[in-house]
Amino acid sequence: MSVSDPVQREEETFAALNAYLDGLHAGQWSGRDELLRARPDLKAAVACLDALEQFASSAIVFEAGGPEAGTIVSAAAAAQTEMAWSLPRDFGDYELLEEIGRGGMGIVYKARQKNLRRTVALKMIHGCALPSIDQLRRFAAEAQAAADLRHPNIVRVLDSGQVEGIPYLAMDYIEGASLAQVLTAGPLDRETAIRYLSAIARAVDYLHRQGIIHRDLKPSNILLDGDGRPIVTDFGLAKLLRDDSQLTQSGVAAGTPSYMAPEQAAGHTSRVTPLCDVYSLGAVFYEFLTGRPPFQAATAIDLLIQVLEREPPAPRQIDRSISRTLSLVCLKCLEKDPANRYPSAAALADDLERYLKGDVVEVSAGHIGSRLARWARREPALVSRLAVFLLFYAVEAVNYYLLDRWNGRFHYSVTAVLAIWVGLSFAFQRLMRRDAWQMVIPAAWAFVDAAGLLCMLLLGDGRMSPLMIGYPLLIVASGLWFRVRLVWLMTLLAFTSYSVLAVDFYVWRTGELEQMALLDSDDHVYFLVGLVAMGAAVAYQVQRVRALSRFYERREWK
């Protein structure tokens with residue numbers, strides 16, 4: 001059974017709708033008939049996109065504060081984008097000199113403000129003929145959030161307004177690289193990392209005291225000025241604590257996955273508090289120390305799952321030269337439960353400053369229960385297996401030692417199989433920490449699991465054993481890796497393992513051919529068909545999630 005055709009069809013569908021939607025944003029409606037001739041099954045989807053585009057094109061209200069509040073930005077005016085601009089060029093009272101950065105929503109130019117003869121950073125919405133309402137609201141929120149801020153480690157907003165229907169923000173021009181650029185050369189030295197994060201944490205604490213949550217703290221949003229001072233920028237996702245309105249609908253994650261708190265990644269906007277920024281500070285500090293963010297994955301869905309469910313490896317696991325105290329400071333910020341993090345950005349800065357002075361730092365490893373819980377979240381594949389192994393061996397030991405139901409040969413054979421299985425599981429979990437083994441180990445682990453289960457069944461009651469439930473459980477558990485091919489591999493291994501079991505081992509050991517009569521039972525056929533059906537269902541669900549993730553990733557995580 002193959003899943004390549006449905007997967008390819010899904011990819012082609014998303015690619016076609018992506019191209020059509022991009023054409024609509026560019027004001028090109030001519031591709032509709034051609035798309036429907038090639039894909040008549042997309043008629044309903046295309047009609048929906050057309051209706052949404054016509055609705056959005058009528059008018060958009062830019063709700064920025066200041067003298068431009070309430071101005072209507074038409075689609076035609078918004079179509080004046082930077083795509084056809086050659087630099088330098090005039091933009092109202094500004095002369096755009098060069099592009100210095102861009103992100104998912106905005107583009108930033110180095111510009112000269114002509115009337116005051118000063119150099120500024122000018123940010124505006126970029127690249128699409130029709131800025132979305134959400135983009136404009138976020139842009140307005142940035143102006144509102146940053147307008148009155150005055151802190152040495154926070155960029156100042158100098159001016160805001162619109163030129164030719166395009167909203168802009170004028171900010172201090174920071175002559176220096178972002179910390180994301182600095183980190184391309186590797187981790188920061190310890191003292192520099194601590195001083196930077198302490199200053200950033202103080203700036204974030206100032207934001208919180210002004211009633212603002214940044215929500216998008218990351219190295220690329222922190223610039224270094226000419227004196228080497230970190231400057232927090234980009235308030236496009238800032239949330240005003242005094243404002244009950246939400247820029248992002250409930251259930252939609254806003255931010256950058258690698259640095260988002262779990263409650264933010266889950267889209268729980270009502271639970272977004274200053275402690276989300278404390279988490280992001282921990283993620284930034286993690287990258288300062290190790291040179292990589294706490295979670296890494298090939299796709300947004302894999303990354304979000306890790307943020308929601310997993311614990312990052314301790315910084316000391318990546319670099320043994322990192323002190324245990326700094327590792328604990330980092331992990332305390334990254335606690336899943338906000339109540340277990342530092343209570344404020346100021347408390348984090350206090351601990352860092354105490355560390356620099358050589359004073360006692362208040363952070364601790366926590367009680368044994370919390371450490372075990374973190375370890376379980378950090379190693380879910382290993383922990384789930386150990387739990388099953390422990391339960392099975394406890395039942396087996398009770399039967400052998402207390403009930404005297406099994407002989408010594410069976411007990412010691414089962415013990416040996418379990419010992420080998422557990423040992424290989426620990427080895428696989430350690431190898432999973434190496435990027436080069438990320439794709440290989442799950443497949444090897446699947447082989448070992450299928451072989452281990454088969455050995456246990458052959459040693460025990462065979463197809464009459466309650467352990468038969470292990471086959472469907474292995475298939476379902478393989479879906480937790482979110483890899484379609486791995487699900488099908490596990491299904492094939494379960495199918496093969498049960499087929500070996502069906503050729504009853506008594507035939508091989510005693511030569512009693514009458515045992516082959518068992519193969520006439522329809523039970524085997526039903527069970528094998530059930531395994532394949534379960535594998536198909538799990539693979540289909542994983543494929544759908546991954547396809548939707550890729551589509552969402554292309555359009556949102558930019």
Side-chain angles (χ1 to χ4, degrees), residues 22 24-28 53 55-150 154-175 178 216 220-221 223 231 233-238 240 247 558:
D22 289 340
L24 292 183
H25 282 173
Q28 300 168 2
E53 193 73 6
F55 172 77
S57 298
S58 57
I60 300 174
V61 179
F62 179 50
E63 298 174 340
E68 304 294 334
T71 301
I72 301 296
V73 182
S74 69
Q80 304 293 323
T81 68
E82 85 286 356
M83 290 185 293
W85 289 352
S86 59
L87 301 178
R89 80 178 299 273
D90 287 340
F91 183 79
D93 188 43
Y94 299 90
E95 181 184 14
L96 306 182
L97 302 176
E98 61 177 301
E99 180 183 325
I100 57 176
R102 66 169 66 209
M105 182 181 73
I107 184 168
V108 183
Y109 292 99
K110 179 181 179 181
R112 186 175 65 87
Q113 190 173 8
K114 290 180 284 189
N115 65 340
L116 296 179
R117 296 182 180 179
R118 63 181 175 183
T119 301
V120 300
L122 203 71
K123 180 175 181 178
M124 63 189 72
I125 294 177
H126 75 74
C128 64
L130 183 60
S132 70
I133 294 175
D134 185 57
Q135 283 179 317
L136 291 172
R137 285 177 176 167
R138 289 183 184 181
F139 202 83
E142 180 167 11
Q144 183 181 3
D148 299 324
L149 299 178
R150 295 292 182 268
I154 295 176
V155 69
R156 288 188 306 161
V157 170
L158 306 172
D159 184 26
S160 66
Q162 294 180 27
V163 174
E164 300 173 2
I166 303 174
Y168 71 86
L169 295 178
M171 301 170 287
D172 280 330
Y173 175 70
I174 308 299
E175 188 77 57
S178 73
D216 199 20
S220 61
N221 284 342
L223 305 179
I231 307 294
T233 68
D234 201 339
F235 293 84
L237 290 182
L240 305 180
L247 296 182
K558 299 178 182 177

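Along the sequence shown, residues carry numbers from 1. Small disclaimer: the values here were computed from a predicted structure and weren't measured.
- In this structure, Asn115 CG and Asp93 CG are separated by 4.0 Å, a value rounded to the nearest 0.5 Å.
- Rounding to the nearest 0.5 Å gives a distance of 13.5 Å between NZ of Lys123 and OH of Tyr109.
- When all heavy atoms of Glu98 and Leu87 are compared, the pair lying nearest together is CA-CD1, 3.7 Å.
- Side-chain contact between Val108 and Leu122 is absent, with no heavy atoms from C-beta onward closer than 4.5 Å.
- Every side-chain contact (heavy atoms from CB on, under 4.5 Å) that Arg150 has, sequence neighbours left out, goes to Arg156, Tyr206.
- The side-chain contact (heavy atoms from CB on, under 4.5 Å) test with Pro88 is passed by exactly one of Lys110, Glu95, Arg112: Glu95.
- Nearest heavy-atom pair, Ser178 versus Ser220, reported as atom, atom and distance to 0.1 Å: CB-O, 4.0 Å.
- Smallest separation of non-hydrogen atoms from Tyr173 and Ile100: CE1-CD1, 3.9 Å.
- Of all non-hydrogen atoms in Asp172 and Ala121, the two that sit nearest each other are O-CB, 3.8 Å.
- Residues satisfying the side-chain contact (heavy atoms from CB on, under 4.5 Å) test with Leu116, not counting sequence neighbours, are Gln113, Arg118.
- In terms of modelled atom types and a separation under 3.5 Å, the side chain of Asn221 and the main chain of Asp216 share a donor-acceptor contact.
- Within the 4.5 Å cutoff, side-chain heavy atoms of Tyr94 are placed close to those of Asp159.
- Between the CG atom of Leu223 and the CE atom of Met171 there is a distance of 9.0 Å, given to the nearest 0.5 Å.
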